[in-house]
Asker: 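One structure follows; several queries about it will come next.
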Amino acid sequence: MAAAIRVRRGVEPTAQALLGVIGQGSDSTILLFHAGERHTEVVDFFFVSDHLALDFAATLTWRTTHPIDLLAEPADLATWATQAGLTDHPGRMSRAALDRARQLREAIYRTAVAAERGADAAVADVRLIRECARGPQVVVALKSLGEVERRGGVDEVLATVATRAGELFGGDDRHLVRVCAGAECTRLFLDRSRAGNRRWCDKLACGSRANAAAYRRRKSGALASGSAQAGPYDT
């Protein structure tokens, strides 16, 4: 088992080479391990974007500073599909399937950014999302009263994600896409707030961290101001 350290989501890791993710918990932390070490823990994914496709795009974190791919191995894709509630039995995931998933993820992310900016989406990205959506979808079958079974492997999972993305980008909800205001967070989310002023992907993570940083700045400024007004010989 790797000797991991916990790093709060959105905070830059230390100077050591931290290249892999062991897990991301409900307390907004992730576990990182050093290059060359192996891990057996199951990734605990984070779903706060209010849309399946945007949560899928967020499996590559901190894109502009220290990107970390939470879909590091084919098994991680199966775990994401299960935790997202898409399928109960995703089956075996190959390296080729993981590569397809990453390509779809990046097309979704770029298209979402274009929607947020009011720009045109890349033709190639639109084509890829559309083509992925052509396949059979995950099937939801009734097992008993109050219980369903979700059936589908990697092809059905990716087709369902692509279909949800197409519905988002082709409809009015595309105008609700926002980028988290966290200093390093690059997660996208839908702003369904009544006032249309949601800033954070998650108030308990990025929101709390930003508020804490603002408080420290105010406190530091007040101390500096006090120091400037009182000299060593003042009585």
Side-chain angles (χ1 to χ4, degrees), residues 1-2 4 6-10 20-33 38-63 67-95 97-109 112 129 132-133 135-143 146-165 167-168 180 185-190 192 200-206:
M1 183 179 296
R6 299 181 71 86
V7 179
R8 188 163 295 280
R9 190 168 63 89
V21 173
I22 290 181
Q24 181 172 318
S26 58
D27 60 351
S28 300
T29 62
I30 61 173
L31 296 177
L32 300 152
F33 64 94
R38 302 185 63 178
H39 70 280
T40 57
E41 290 82 354
V42 176
V43 176
D44 185 13
F45 289 96
F46 207 43
F47 298 88
V48 296
S49 295
D50 200 22
H51 196 281
L52 178 71
L54 300 184
D55 280 321
F56 186 57
T59 57
L60 180 60
T61 68
W62 302 325
R63 290 168 174 267
I68 299 173
D69 198 334
L70 297 177
L71 301 181
E73 299 294 335
D76 297 328
L77 177 58
T79 300
W80 182 87
T82 302
Q83 292 183 10
L86 277 174
T87 179
D88 298 325
H89 307 289
R92 180 180 176 274
M93 299 286 181
S94 65
R95 181 65 62 175
L98 179 61
D99 291 340
R100 295 202 311 273
R102 287 171 172 170
Q103 291 171 6
L104 175 61
R105 177 187 64 190
E106 296 312 297
I108 290 173
Y109 187 84
I129 294 171
C132 287
Q137 310 284 304
V138 169
V139 175
V140 180
L142 179 66
K143 292 184 65 176
E147 185 180 10
V148 297
E149 180 181 22
R150 293 172 174 83
R151 305 170 183 169
V154 62
D155 292 334
E156 289 78 14
V157 165
L158 295 184
T160 301
V161 172
T163 296
R164 302 279 183 86
E167 292 171 346
L168 171 61
C180 181
C185 183
T186 55
R187 180 184 282 271
L188 297 155
F189 62 88
L190 292 188
R192 297 189 186 277
W200 318 109
C201 65
D202 182 55
K203 291 188 296 184
L204 298 179
C206 290

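All residue numbers in this chain count up from 1 along the given sequence. Treat the numbers as computed from the prediction; the structure is a model and nothing was measured.
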Asker: For a quick test of reading the model, state the closest non-hydrogen atom pair linking Ala78 to Met93 and the distance between them.
Answerer: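 For Ala78 and Met93, the tightest heavy-atom pair comes out as CB-CG, 3.7 Å.
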Asker: Is there side-chain contact between Glu149 and His89, with heavy atoms separated by less than 4.5 Å?
Answerer: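 A side-chain contact under 4.5 Å exists here.
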Asker: Say you draw a straight line from CD of Gln83 to CZ of Phe46; how long is it, rounded to the nearest 0.5 Å?
Answerer: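 It comes to 12.0 Å.
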Asker: Roughly how far apart are Thr186 OG1 and Leu60 CG, rounded to 0.5 Å?
Answerer: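 Spacing of OG1 (Thr186) from CG (Leu60) equals 7.0 Å.
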Asker: Under the side-chain contact (heavy atoms from CB on, under 4.5 Å) rule, what do Leu71 and Phe45 come out as? Steps first, then yes or no, please.
Answerer: CA-CA 10 Å; Leu71 301 181; Phe45 289 96; 4.0 Å; yes
Asker: Only counting residues at least two apart or in another chain, list the ones meeting side chain to side chain donor-acceptor pair (under 3.5 Å) with Arg63.
Answerer: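 Partners of Arg63 by the side chain to side chain donor-acceptor pair (under 3.5 Å) criterion, ordered by chain and then number, come out as Glu106.
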Asker: I need the minimum non-hydrogen distance between Ala101 and Leu158, along with the two atoms involved.
Answerer: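 Looking at all heavy atoms of both residues, the closest pair is CB-CD2, 3.8 Å.
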Asker: Quick test of your reading of the model: are Arg102 and Asp69 salt-bridged, counting only N-O distances below 4.0 Å?
Answerer: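 Yes, charged N to carboxylate O under 4.0 Å.
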Asker: Would you name the heavy atoms of Cys180 and Cys201 that are closest together and state the gap between them?
Answerer: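 Shortest heavy-atom contact: SG-N, 3.4 Å.
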Asker: Hey, is the main chain of Phe189 close enough, under 3.5 Å, to the side chain of Asp50 for a donor-acceptor pair?
Answerer: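 Side chain of Asp50 to backbone of Phe189: no pair is present.
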Asker: Working to the nearest 0.5 Å, report the span between CD of Glu167 and CZ of Arg164.
Answerer: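 These two atoms lie 7.0 Å from each other.
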Asker: Closest approach of Leu98 and Pro74, non-hydrogen atoms and distance?
Answerer: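 The answer is CD2-N, 3.7 Å.
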Asker: So does Lys143 pair up with Asp88, basic N to acidic O under 4.0 Å?
Answerer: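 Salt bridge: no.
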Asker: Hey, does Phe56 have a side-chain heavy atom less than 4.5 Å from the side chain of Leu77?
Answerer: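 Yes; the side chains approach each other to less than 4.5 Å.
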Asker: Distance check, rounded to the nearest 0.5 Å: Arg150 atom CZ versus Thr160 atom OG1?
Answerer: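 Nearest 0.5 Å value for the CZ-OG1 distance: 11.0 Å.
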Asker: Rounded to the nearest 0.5 Å, what separation is found between the NE2 atom of His51 and the CG atom of Leu190?
Answerer: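 Answer rounded to 0.5 Å: 6.0 Å.
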Asker: Let me confirm one number: the CD-CG distance from Gln137 to Leu86, rounded to the nearest 0.5 Å.
Answerer: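 Going from the CD atom of Gln137 to the CG atom of Leu86 covers 10.0 Å.
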Asker: Flag yes if more than 12 heavy atoms outside Arg92 fall under 6.0 Å of its CZ atom; otherwise flag no.
Answerer: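 Not more than 12 within 6.0 Å, no.
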Asker: Strictly distance-based, threshold 3.5 Å: is any side-chain N or O of Thr59 a donor or acceptor partner for the main-chain N or O of Leu70?
Answerer: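 The answer is no, because no donor-acceptor pair under 3.5 Å joins these two groups.
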Asker: Please examine the side chains of Arg100 and Asp155, heavy atoms only from C-beta on, and report whether any two atoms are closer than 4.5 Å.
Answerer: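 Yes, side chains in contact.
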Asker: I'd like to know whether Arg187 forms a side-chain contact (heavy atoms from CB on, under 4.5 Å) with Asp55, so could you lay out the CA-CA distance, the side-chain angles of the two residues, the decisive distance to 0.1 Å, and finally the verdict.
Answerer: CA-CA 8 Å; Arg187 180 184 282 271; Asp55 280 321; 3.0 Å; yes
Asker: Between Ala53 and Val161, which heavy-atom pair has the shortest distance, and what is it?
Answerer: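 Reported closest heavy-atom pair: CB-O, 4.3 Å.
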Asker: Quick one: does Thr87's side chain have a donor or acceptor within less than 3.5 Å of a partner on Gly152's backbone?
Answerer: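 Such a contact is found between Thr87 side chain and Gly152 backbone.
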